[in-house]
Amino acid sequence: MADELYLENIDEFVTDHNRVVTYKWLSYTLGVHVNQAKQMLYDYVERKRKENSGAQLHVTYLVAGNLLQNGHFCHKVAVVREDKLEAMKSKLSTIASVHVYSIQKALLKDSSPLYNTDYDIVKTNLQHCSKFSAIRCAAAVPRTPPDAPQVPEPVQSPQRQRDPDAAINGHRVRAAKPPPQQHKGIMGMFAAKAAARPQDTPKEAKAEAKEAAGVSAANCKPPTKNTIMNNFFGKAAMNKLKANSVPEQPKEEKEVVKPSVAVAESESSPNTVAEKPGKKTESDRIQQKDKKSKTKRVDRSDDEEERDPENVKKKRKRIKQLLSDSSDEEADVPPSPTPEEERVPSPPPEPALKTELEPASTEVSAGGRKRKRKRVLKSRMFIDEEEGCMVTEKVYESESCTDSEDEFPKTKAPAPQEQAMLPTKREPKEERKNPKKGAAPASRANKQVSIMGFCQKK
Amino acid sequence: MFSEQAAATAQGLLAPPSAEPPTFPRVAVSGYSDCSQPFQLGERSFARQYAHIYAVRLAGMRPGLERRARSRWGNDVVLRRLSELQEGEKCCVVGTLFKSMQLQPSILQEISEEHNLVPQPPLPKYIQPSDELILEDELQRIKLEGAIDVQRLVTGTIVAVYGCEQDDGRFLVEDHCFADLPPPLPWSGPSSDRYVLLASGLGLGSVSGEALLSTQLLVDVVTGQLGAEGEQSCAAHITRVILAGNLLSQNTQSRDTINKAKYLTKKTQAASVEAVKMLDEILLQLCTSVPVDVMPGEFDPTNYTLPQQPLHRCMLPLASAYATLRLVTNPYQASLDGVRFLGTSGQNISDIFKYSSMDDYLEILEWTLLAGHISPTAPDTLGCYPFYKSDPFILTECPHVYFCGNAPHFQSKLLQGKEGQRVLLLTVPDFSATQTACLVNLHDLSCQPITFSSFGADSEDGDMELEH
């Protein structure tokens with residue numbers, strides 16, 4: 001019968017393990033209501049004393065009641081040793097409760113072992129610390145994220161509860177936003193990618209930084225602020241990720257990310273009309289950014305669009321992987337077998353996440369190219385037939401080490417309509433320029449010589 | 001209050017395990033509204049001078065004081081500004097008090113090189129017999145003497161004085177009055193017993209672990225783990241817990257980084273980090289069972305000037321997941337089940353204590369209520385935000401419960417006003433020193449202290465002295 005079981009358990013804890021068994025500890029350990037635990041302790045004491053009056057048992061009691069103090073009644077709650085129990089009871093004018101507080105083998109000098117036992121057991125059971133209590137509060141429910149979700153919320157709220165650190169990590173800078181919102185933002189960005197994908201194909205550039213940008217956008221902060229954040233993250237992330245894989249990339253990316261992001265921002269505005277409201281900036285970046293991408297990053301965006309719930313999970317996985325494997329990514333530079341698309345280098349979690357991606361690109365992209373892209377700021381000069389002048393533009397081109405090139409100009413071209421023409425126009429030009437990859441001195445002109453110059457890919 | 005109801009089943013748990021022990025549902029909150037909007041600062045700009053706050057304070061309280069003056073000294077009493085004073089004419093003047101004290105710490109004197117002064121050590125009281133009272137209004141100031149207690153009053157109080165100007169330029173006061181109790185609020189308290197537990201000065205992060213078990217006992221009583229069934233069912237009537245400041249101990253304030261060399265302190269963590277983690281766990285235990293309002297105090301990680309803004313919820317990741325946690329400002333005003341609470345974490349009262357001859361925290365609390373202002377010494381000796389539009393510390397309505405935290409002892413008093421005001425004045429003691437919290441019954445505005453104790457090598461005897 002279960003009745004006797006608890007007696008044996010308590011006996012084992014007290015005598016064999018030499019534990020201090022408090023009612024709370026017993027309640028959590030045996031999974032019983034606190035009142036039952038108190039009664040169990042009492043029962044054990046009684047029986048033990050009956051069968052063996054010389055039992056080595058010290059008991060502490062909890063006494064509560066009214067005490068006349070300084071002329072008024074005060075409710076006193078006290079933990080007392082057994083020998084002082086009667087004295088305390090006599091002091092109180094009315095006794096409200098008496099029960100066993102703890103049992104232990106040794107005589108306690110002070111109450112710190114009691115406190116420590118309770119502290120430890122509560123600490124290990126923090127998530128349901130009121131489970132065995134005698135009072136239930138209907139109002140004590142975990143908060144749900146306040147905003148209307150852009151992506152499935154149920155997936156996110158439990159995750160939020162479970163995983164506050166992961167959520168906070170990548171988004172610490174965005175102080176006031178609840179983590180799920182950020183996840184939603186990322187998810188929203190994936191969703192946005194899906195929406196923008198058809199438009200992307202001709203342009204073949206996908207922004208990876210959209211994720212961070214998407215987060216920012218979804219967070220409803222002014223985009224400019226986020227770009228600063230993104231830049232900050234971008235630089236940090238870049239440093240981490242690019243240690244070896246594409247030597248030139250780090251230095252260029254660092255320099256390029258910031259202006260490119262800023263440029264992307266400015267360019268996003270004309271293109272926002274077509275996009276869904278919450279994902280404008282993301283889609284814009286998708287269309288406009290021309291950033292080099294890592295192998296793995298390609299696939300990420302492809303996968304994400306497929307299934308949103310999966311995206312969430314994937315994203316989660318990635319974050320965790322990122323945190324643990326960030327060093328691994330750098331050593332790992334396998335070319336992705338699937339067609340690659342350009343990805344915008346993104347702020348910290350995202351780029352790192354992308355590198356974890358399984359190759360699964362289903363994207364339409366311009367042929368199976370090997371990655372290693374970097375964005376290079378180049379000056380291009382061409383003759384503008386319409387106006388009969390020569391136009392010199394500074395353009396970010398993506399140059400790939402493997403000789404295929406995608407270019408996505410971020411230009412400050414004078415005539416907006418030129419932009420539409422430019423990409424197609426430039427392609428043939430860019431082909432010509434392919435051989436001059438990353439190490440192009442022209443592009444260097446605008447950048448400071450970086451120490452990574454020593455580690456250039458031959 | 002607990003004891004009588006619980007006495008019946010007091011010994012019930014000294015028995016073998018019974019069948020299914022009862023669980024009591026927590027009494028639901030029937031009405032809660034947060035009225036602390038005036039204390040919440042949005043955009044903060046410290047570019048303004050503090051003179052504006054005195055100007056709006058005087059402008060805000062002048063009408064009430066003039067009404068009081070008329071009711072006290074007759075409808076035909078002459079109300080004058082200082083600039084209109086005539087020598088020898090009996091009149092009433094409304095203005096702000098300024099007490100010039102020799103011992104008042106002055107930063108300018110401390111850093112002045114010509115005085116070559118050693119910085120004054122902090123004293124418990126800065127009053128001296130040579131202090132003087134000066135009355136200021138919008139344009140002028142005049143020294144006061146006569147039937148006015150210089151030692152008792154503090155700077156920043158708005159007062160109406162009745163007397164006449166002497167030929168030496170001083171104003172001889174025959175009588176004076178304050179704003180008195182603000183107009184009463186309608187009473188709509190609950191019809192059955194509902195309790196609110198007030199505690200302050202938890203003092204986590206202190207070096208001594210004395211109060212830790214008592215804090216745990218407090219949490220256990222409120223969450224219904226401790227006590228026999230009767231007590232647990234009474235505890236289920238606690239509808240709210242208000243923690244009135246100083247959740248962290250003063251020990252967490254030490255800034256080694258200032259005094260020690262950088263290489264010694266590089267990897268050290270501030271003491272408050274560990275303390276806040278402990279606070280988070282305690283709050284989590286409370287929040288899973290009862291709504292909690294957390295007010296910041298003097299040693300808590302928030303801004304220093306009054307009104308202190310709520311603690312940021314990122315510091316309490318575990319507890320802020322629950323909707324029952326409310327992080328509120330100091331001072332805090334809210335309407336709980338129809339009963340209006342107003343209180344502070346005690347900085348205002350302790351500041352007045354330093355600059356006045358009043359010794360009793362309850363007396364000072366009552367005096368601030370009668371003076372119509374929560375904290376008259378701000379911004380003179382107590383840090384305050386430079387308000388310029390209105391002074392949010394002016395009492396416009398009479399609360400039902402007016403409390404201050406971190407007092408040395410528990411004291412309470414039910415004050416009845418002439419216009420039907422009924423206020424429970426409550427000084428919540430410092431828990432880390434006294435292990436005492438307060439239980440307020442919203443039904444009849446009665447209150448009882450609740451003390452926790454454990455046994456230590458010598459703590460048993462402490463109780464003996466107190467009971468007589």
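The basis for the numbers below is simple: all heavy atoms, side chains too, and nothing from hydrogens, waters or symmetry mates. So that the names make sense, note that chain A is the first sequence line, chain B the second, and so on, each numbered from 1.
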* Determine which pairs satisfy salt bridge (Lys or Arg N to Asp or Glu O under 4.0 Å) with at least one residue from residues 118-133 of chain A, sequence neighbours left out, and list them in order. => A/K123-B/E281
* With B/D293 via side-chain contact (heavy atoms from CB on, under 4.5 Å) - residues at least two apart -> B/Y32, B/R240, B/I242, B/R326, B/V328, B/Y332
Is [X] close to chain B through its backbone or its side chain, or both, or neither, when contacts mean heavy atoms under 4.5 Å?
{"X": "A/V122", "result": "side chain"}
{"X": "A/L108", "result": "both"}
{"X": "A/F132", "result": "neither"}
{"X": "A/Y101", "result": "side chain"}
{"X": "A/K38", "result": "both"}
{"X": "A/T60", "result": "side chain"}

* Asked: Who pairs with A/Y42 by ring-ring contact (aromatic ring centres under 6.0 Å, His included), at least two apart in sequence or on another chain?
  -> none
Let me confirm one number: the [atom1]-[atom2] distance from [X] to [Y], rounded to the nearest 0.5 Å.
{"X": "A/N35", "Y": "B/T23", "atom1": "CG", "atom2": "OG1", "value": "9.5 Å"}
{"X": "B/Q225", "Y": "A/L62", "atom1": "CD", "atom2": "CG", "value": "12.5 Å"}
{"X": "B/Q448", "Y": "A/N66", "atom1": "CD", "atom2": "CG", "value": "5.5 Å"}
{"X": "B/T288", "Y": "A/R136", "atom1": "OG1", "atom2": "CZ", "value": "10.0 Å"}
{"X": "A/Y115", "Y": "B/Q216", "atom1": "OH", "atom2": "CD", "value": "6.0 Å"}
{"X": "B/L318", "Y": "A/L126", "atom1": "CG", "atom2": "CG", "value": "6.0 Å"}

Among the listed options [options], the residue most often paired with chain B at heavy-atom distances under 4.5 Å:
{"options": "A/Y61, A/F73, A/Y44", "result": "A/F73"}
{"options": "A/S112, A/A78, A/A134, A/C137", "result": "A/A134"}
{"options": "A/L92, A/D43, A/V77, A/N116", "result": "A/V77"}

* To do: For the residue pair B/P449 and A/H72, establish whether any side-chain heavy-atom pair is separated by less than 4.5 Å.
  => yes
* If we only count heavy atoms from C-beta on, is the B/V290 to A/I135 side-chain gap below 4.5 Å? -> no
* Structure fact -> Scored by heavy-atom pairs under 4.5 Å with chain A, the best of B/P25, B/S233, B/C287, B/S289 is B/S289
* To do: Considering only heavy atoms and a distance below 4.5 Å, find which of B/L325, B/D220, B/V222, B/L226 pairs most often with chain A.
  => B/L226
Segment of [X] engaging chain A (4.5 angstrom heavy-atom cut-off):
{"X": "B/L218", "answer": "neither"}
{"X": "B/Q285", "answer": "both"}
{"X": "B/V27", "answer": "neither"}
{"X": "B/L217", "answer": "side chain"}

* Asked: Do B/E231 and A/H75 have a side chain donor and acceptor closer than 3.5 Å?
  -> yes
* Asked: So with a 6.0 Å cut-off around NE2 of B/H409, is the heavy-atom count from everything else above 12?
  -> no
* Without swapping roles, check the side chain of B/S454 against the backbone of A/S111 for a donor-acceptor pair under 3.5 Å. => no
* **Neighbourhood of chain B inside residues 26-34 of chain A, taking heavy atoms under 4.5 Å as contact** => A/Y28, A/H33, A/V34
